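Keep in mind that the numbers below use all heavy atoms, side chains included, and drop hydrogens, waters and symmetry copies. Bear in mind the structure is a predicted one, so any value in this text is a computation, not a measurement.
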Amino acid sequence: MNKRNINLRFRELVTKIKSDEFYNNRGLANEVPFYIFDYQPEDELSMRDNIKNLLLPALKDDVRLKAIEIDLFKLLIESLNNDGIFESVFKMEERRGTKILYEKLKKSFNMEVICNYFKEKSKDKNFVIITGVGKIFPLVRTHALLNNLQVIFNETKVLLFFPGEYTTTDLRVFGFKDNHYYRAFRID
């Protein structure tokens, strides 16, 4: 993982995203345009601030990149509200414990549900920015999400902000091995 200053890395990332090379998928060798920006978990708050105050404003009026940020944790909350069970999950956890809640959430907030939300939210977009990986771990596993999104976004650019290390063969969130994943490009 790159240990350079996170704010400097982030400014360089914004420049790279705004470049012709990024927009035209140069150097991808016909692979899906999936990118991972990994960072130290302790830089999470700086990342949130940089995404909100640097990246999203830089893309707001971009005529080429029609971007949307999808925060996985906010997506979970939206799903629970849409299912009418948001308030009841707290009661369930009190009564039955966190482990049971986790198992129930895994069943109701599964990859099919998540992918449907991604499809719905990204209509008319060509750039999807995924945040909230750390806030929802281990409920949503990054490798499983990316594998499922490949079916939906074969030409849409996807940038995942990852609080851990991506070695281009596997993902390690918070030091835990998430699983093998090799189709994304590490962007730095």
Side-chain angles (χ1 to χ4, degrees), residues 32-45 47-52 55-56 59 66-166 170-184 187:
V32 292
F34 280 33
Y35 300 89
I36 295 176
F37 185 88
D38 61 354
Y39 57 92
Q40 298 285 336
E42 55 266 22
D43 289 328
E44 177 67 28
L45 296 179
M47 288 303 301
R48 290 180 195 175
D49 186 55
N50 283 327
I51 292 165
K52 179 182 175 188
L55 180 60
L56 295 177
L59 295 170
K66 305 293 181 216
I68 182 167
E69 177 197 7
I70 299 178
D71 181 311
L72 293 171
F73 183 74
K74 289 178 182 176
L75 199 64
L76 169 64
I77 301 301
E78 181 179 339
S79 178
L80 294 173
N81 279 319
N82 288 344
D83 291 345
I85 61 171
F86 180 75
E87 295 298 326
S88 66
V89 297
F90 298 107
K91 294 173 187 161
M92 178 192 300
E93 184 177 25
E94 282 179 23
R95 285 191 323 272
R96 303 192 63 203
T98 302
K99 186 175 181 178
I100 298 295
L101 173 64
Y102 171 76
E103 292 303 321
K104 296 286 186 187
L105 288 176
K106 266 180 41 177
K107 289 179 184 171
S108 67
F109 193 63
N110 58 46
M111 277 303 150
E112 181 181 352
V113 170
I114 294 168
C115 287
N116 285 335
Y117 274 107
F118 268 83
K119 276 189 234 178
E120 177 186 312
K121 292 182 173 300
S122 64
K123 287 180 186 168
D124 303 320
K125 304 295 182 189
N126 64 0
F127 186 29
V128 175
I129 300 164
I130 303 172
T131 59
V133 169
K135 293 187 281 185
I136 201 158
F137 177 81
L139 185 62
V140 174
R141 302 306 292 258
T142 309
H143 74 280
L145 175 66
L146 292 174
N147 281 325
N148 281 279
L149 290 180
Q150 284 176 192
V151 177
I152 300 169
F153 301 130
N154 56 358
E155 292 184 29
T156 300
K157 291 169 187 19
V158 172
L159 173 59
L160 178 107
F161 285 95
F162 188 74
E165 183 177 11
Y166 178 51
D170 58 42
L171 296 153
R172 294 186 182 132
V173 64
F174 305 125
F176 298 102
K177 189 171 181 180
D178 191 20
N179 214 330
H180 297 294
Y181 187 78
Y182 60 91
R183 301 264 335 249
I187 191 166

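- The structure places CZ of F34 at 6.5 Å from CG of L146, a figure rounded to the nearest 0.5 Å.
- Residues S108 and V113 fail the side-chain proximity criterion, which asks for heavy atoms closer than 4.5 Å.
- Between T142 and the choices I136, V133, I130, the side-chain contact (heavy atoms from CB on, under 4.5 Å) rule is met once, by V133.
- P163 and P41 get closest at one heavy-atom pair: O-CG, 3.6 Å.
- One distance of note links CD1 of I129 with CG of L159; it measures 6.0 Å at 0.5 Å rounding.
- Under a cut-off of 6.0 angstrom, the local environment of NZ in K52 is sparse, with at most 12 non-hydrogen atoms contributed by other residues, nucleotides or ligands.
- Between V128 and L149 there is no side-chain heavy-atom pair separated by less than 4.5 Å.
- Scanning for ring pair (Phe, Tyr, Trp, His ring centres under 6.0 Å) contacts around F37 gives F161, with sequence neighbours left out.
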**Prompt:** Step by step, would you call N126 with K157 a side-chain contact (heavy atoms from CB on, under 4.5 Å)?
**Reply:** CA-CA 6 Å; N126 64 0; K157 291 169 187 19; over 6 Å; no
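- One distance of note links CG of L139 with NZ of K106; it measures 8.0 Å at 0.5 Å rounding.
- For K104, the NZ atom sits in a loose shell: 12 or fewer heavy atoms of surrounding residues, nucleotides or ligands are nearer than 6.0 Å.
- Taken to the nearest 0.5 Å, the CD atom of E69 stands 6.0 Å off from the NZ atom of K74.
- When all heavy atoms of R172 and F162 are compared, the closest pair comes out as O-CE2, 3.5 Å.
- The OG1 atom of T156 lies 11.5 Å from the NZ atom of K125; values are rounded to the nearest 0.5 Å.
- Expressed to the nearest 0.5 Å, how far CE of M111 lies from CZ of R141 amounts to 10.0 Å.
- The main-chain N or O of L45 is never found under 3.5 Å from a side-chain atom of D49 such that the two would form a donor-acceptor pair.
- No more than 12 heavy atoms of other residues, nucleotides or ligands sit less than 6.0 Å from atom CD of E155.
- Across all non-hydrogen atoms, the minimal contact from L72 to G132 is CB-O, 4.0 Å.
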**Item:** Residue pair V32, V158: steps toward the side-chain contact (heavy atoms from CB on, under 4.5 Å) verdict
**Value:** CA-CA 9 Å; V32 292; V158 172; over 6 Å; no
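- Residues that satisfy the ring pair (Phe, Tyr, Trp, His ring centres under 6.0 Å) test with F86, not counting sequence neighbours, are F90.
- The closest side-chain heavy-atom distance from I114 to N148 is not below 4.5 Å.
- The shortest side-chain heavy-atom distance between S122 and F153 falls under the 4.5 Å cut-off.
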**Request:** Show your working on side-chain contact (heavy atoms from CB on, under 4.5 Å) between M92 and I85 and close with a plain yes or no.
**Result:** CA-CA 10 Å; M92 178 192 300; I85 61 171; over 6 Å; no
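- Using a cut-off of 4.0 Å between Lys/Arg side-chain N and Asp/Glu carboxylate O, E44 and R48 are scored as salt-bridged.
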**Message:** I'd like to know whether Y166 forms a side-chain contact (heavy atoms from CB on, under 4.5 Å) with L160, so could you lay out the CA-CA distance, the side-chain angles of the two residues, the decisive distance to 0.1 Å, and finally the verdict.
**Reply:** CA-CA 11 Å; Y166 178 51; L160 178 107; over 6 Å; no
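- Checking side-chain atoms of N147 against main-chain N and O of A144 turns up no donor-acceptor pair under 3.5 Å.
- In this structure, the side chains of L55 and N50 stay at 4.5 Å or more apart for every pair of heavy atoms.
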Which atom pairs, donor and acceptor, lie under 3.5 Å between side-chain atoms of residues 75-84 and protein residues at least two apart or in another chain?
residue: E78; atom: OE1; partner: K121; partner atom: NZ; Å: 2.9
residue: E78; atom: OE2; partner: K121; partner atom: NZ; Å: 3.2
residue: N81; atom: ND2; partner: I77; partner atom: O; Å: 3.3
residue: N82; atom: ND2; partner: E78; partner atom: O; Å: 3.4
residue: N82; atom: ND2; partner: Y117; partner atom: OH; Å: 2.9

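- The minimum heavy-atom distance between N154 and P33, with the atom names listed, is O-CD, 3.5 Å.
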